[in-house]
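Here the structure comes first, spelled out in structure tokens, and everything after it is commentary.
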Amino acid sequence: LLLGISEVIPPTVNCESVFFIQNEGQISGQATVYKDLPEFVEKLNRLPHFTSVTLHVLNQREGEKMELLNFKIIFELKKL
């Protein structure tokens, strides 16, 4: 599962935490480019273990010379 995430994560996205509880999971982090987040969600939805992947942008804050978007991606795990 972690390998799948690492293969599709865009370079503008910094993943701060990933956790799984039973058949659900969450990815939290920051992004510098908003348009990469929906693309990341689409790619996760195409992975064999993920379903119902949704994006939640929590807030936007100023970083060093750029704006950072705090996000949370919530998903369900498919039973294979």
Note to self: Connecting only ILVMFWY residues whose side-chain heavy atoms lie within less than 4.5 Å of each other, what is the rest of Phe19's hydrophobic cluster?
What the structure shows: Ile21
Check: Do Val53 and Leu47 have side-chain heavy atoms sitting under 4.5 Å apart?
Finding: no
Next item on the list: Applying side chain to side chain contact (heavy atoms under 4.5 Å, CB included), run through Phe40 and Leu55 and close with a yes or a no.
Entry: CA-CA 9 Å; Phe40 183 34; Leu55 170 65; over 6 Å; no
Check: Taking atom OG1 of Thr32 and atom CG of Leu68, what is their separation to the nearest 0.5 Å?
Finding: 7.5 Å
Quick one: side chains of residues 6-13, donor-acceptor pairs under 3.5 Å with protein atoms, not counting sequence neighbours, listed by atom name and distance.
from: Ser6; atom 1: OG; to: Leu2; atom 2: O; distance (Å): 3.4
from: Ser6; atom 1: OG; to: Leu3; atom 2: O; distance (Å): 2.8
from: Thr12; atom 1: OG1; to: Asp36; atom 2: OD2; distance (Å): 2.4

Next item on the list: Can you run down the side-chain hydrogen bond (donor to acceptor under 3.5 Å, both in side chains) pairs that involve residues 18-29, sequence neighbours left out, and say none if there aren't any?
Entry: Gln26-Ser28
Notebook entry, point to check: So how far is it from Leu44 CG to Thr51 OG1, rounded to the nearest 0.5 Å?
Noted result: 11.5 Å
Checklist line | Which atom of Ile73 lies closest to which atom of Phe75, heavy atoms considered | finding: O-CD2, 4.1 Å
Margin query: I'd like to check Asn70 versus Val57 (side-chain heavy atoms, cut-off strictly below 4.5 Å). Are they in contact?
Written below: no
Next item on the list: Sort and list the pairs that fulfil salt bridge (charged side-chain N to carboxylate O under 4.0 Å, His left out) and have at least one residue in residues 37-48, not counting sequence neighbours.
Entry: Glu42-Arg46
Item checked: Heavy-atom pair with the smallest gap, counting every atom of Lys78 and Pro48 -> CD-O, 3.2 Å
Notebook entry, point to check: If you measure from CZ on Phe71 to CD on Gln30, what distance do you get to the nearest 0.5 Å?
Noted result: 8.5 Å
Check: Hey, mind stepping through Leu1 and Leu77 against side chain to side chain contact (heavy atoms under 4.5 Å, CB included) and telling me if it holds?
Finding: CA-CA 10 Å; Leu1 295 172; Leu77 297 171; 4.2 Å; yes
Next item on the list: Kindly indicate whether the side chain of Val41, heavy atoms from C-beta on, has any atom under 4.5 Å from the side chain of Asn45.
Entry: yes
